[in-house]
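See structure below.
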Amino acid sequence: MPAPVCLCVLCGLPASGKSSLAQVASAQIRKQGWGTFIISYDQLITEDAFDFCSSVEDESSQTKRQTRWKQHRQAVLSCLEGFLKDPEDLRPCETERSVGERFNLEIQKQQILPPPERTSSQAPWVTVLLDDNFYYQSMRYEVYQLARKYSVGFCQVFLHCPVDVCLSRNQDRGQPVSDEVIVEMSKRMEPPNAVKNQWEQSSLTLNSTSNLTDINIQNLLQLMTLALENPLSPVQDDSEQRDADRERCASSVVHQADQACRRLVSQAMVTARESKVPPEVLRALAKDLSEQKSVFLEDLRRHVLRQLPGWERETVDVERVVDRALNVFQQQTDSVLQRHSINAGARSDSQKYSA
Ligand SMILES: *[C@@H]1O[C@H](CO)[C@@H](O)[C@H](O)[C@H]1NC(C)=O
Ligand SMILES: *[C@@H]1O[C@H](CO)[C@@H](O)[C@H](O)[C@H]1NC(C)=O
């Protein structure tokens, strides 16, 4: 019998108290004679740990950073997978070099398994605490899938902490994250939602506005005990999750396309004004373009949902889909202009949408 393991995801904004919780919980877990392993993403991945742009970055360095970021996150998961294969006979993680090396160091440094005299005849329980922001539900779902694949326990703790508290705590840290990143991440944060997602049932929200209490820690230990006693099973219907992924992907495409369509509509209006058309034509044109845009975006959503059934967020090239959609919308605005006898060709080149 392999050691029963529980993967416990700690999520929340930077400076919401995840790392302190991991330390305190880990000490308690050891007292119970269980094994414990803290996987701190900050320690394994030294680059900035988020996928959105910061204002000081140009586009190409941002793209490079995002690609590296994704690779490194994958590397952590693949090291974790190696660990799950046999927690009692650990082999070095040989994935992507820097992450793998740091992972192996952590394994050596942290006394993961309890000393033999503290365990009974059974294999010891081991809890793995994953310390990262995990701000999208899809990031946590990857951990859940691993737990399912290896039939181990799974639970999540969300550290709820107001942005202003995180910002002020962040200032007291050795290497503060930029305020902009914390604010941006708070907008993206998708806290565990057990009502919407069946797989997020084993979740606990702790209010970390002030110091965590002993009761908080006891609740967490209870959650982990339950998760250890009820390991996931590999066969489960994940169609619900696929639907949710698709829905989110469609929303993301439509959201970006909407922004760009607004620009095309205002460019078309500029062209019309430059052609000196009468005000009533301008008004009719604005109305037509706005209706055109609504219909177009609704069609686009349906198209994404229908045409791309196997898509998961990570594999979708949203930019490309949006680019292609915009070419279509550009043609549509041109023909609306023509319907109002305005020559779309009069648009200056600098106004043209460049794909
Ligand atoms: C969290 O705790 C703080 C003080 O510790 C309290 O003021 C606040 O209302 C709590 N928030 C929630 C959502 O319970
Ligand atoms: C929270 O914990 C820190 C360090 O453990 C301590 O210095 C501080 O006084 C505590 N704050 C409260 C409100 O209990």
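Both ligands and their constituent atoms are indexed starting at 1 by order of listing. Here the structure is a predicted model, which means the values were calculated and not measured.
- Contacts classified as side-chain hydrogen bond (donor to acceptor under 3.5 Å, both in side chains) and involving residues 218-232 (residues at least two apart or in different chains) are not found.
- Apart from Leu212 itself, the hydrophobic cluster it occupies contains Leu10, Leu21, Val24, Ile29, Trp34, Ile38, Trp125, Leu129, Val157, Leu159, Leu204, Leu206, Ile217, Leu220, Leu221, Leu223, Met224, Leu228, where clustering links Ile, Leu, Val, Met, Phe, Trp and Tyr at side-chain heavy-atom distances under 4.5 Å.
- For Ser26 (side chain) and Gln23 (main-chain N/O), no donor-acceptor pair under 3.5 Å exists by modelled atom type.
- Using the six-membered ring where Trp is involved, Tyr144 and Trp199 have ring planes that are tilted, between 30° and 60° apart.
- With sequence neighbours excluded, the residues that form a salt bridge (charged side-chain N to carboxylate O under 4.0 Å, His left out) with Arg339 are Asp288.
- Within the 3.5 Å criterion, the main-chain N or O of Ile39 finds no donor-acceptor partner in the side chain of Asp131.
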Which N or O atoms of ligand 1 sit under 3.5 Å from a protein N or O, and how far apart is each pair?
{"residue": "ligand 1", "atom": "2 (O)", "partner": "Asn207", "partner atom": "OD1", "Å": "3.4"}
{"residue": "ligand 1", "atom": "2 (O)", "partner": "Asn207", "partner atom": "ND2", "Å": "2.4"}
{"residue": "ligand 1", "atom": "5 (O)", "partner": "Ser210", "partner atom": "OG", "Å": "2.8"}
{"residue": "ligand 1", "atom": "11 (N)", "partner": "Asn207", "partner atom": "ND2", "Å": "2.9"}
{"residue": "ligand 1", "atom": "14 (O)", "partner": "Asn207", "partner atom": "ND2", "Å": "3.3"}

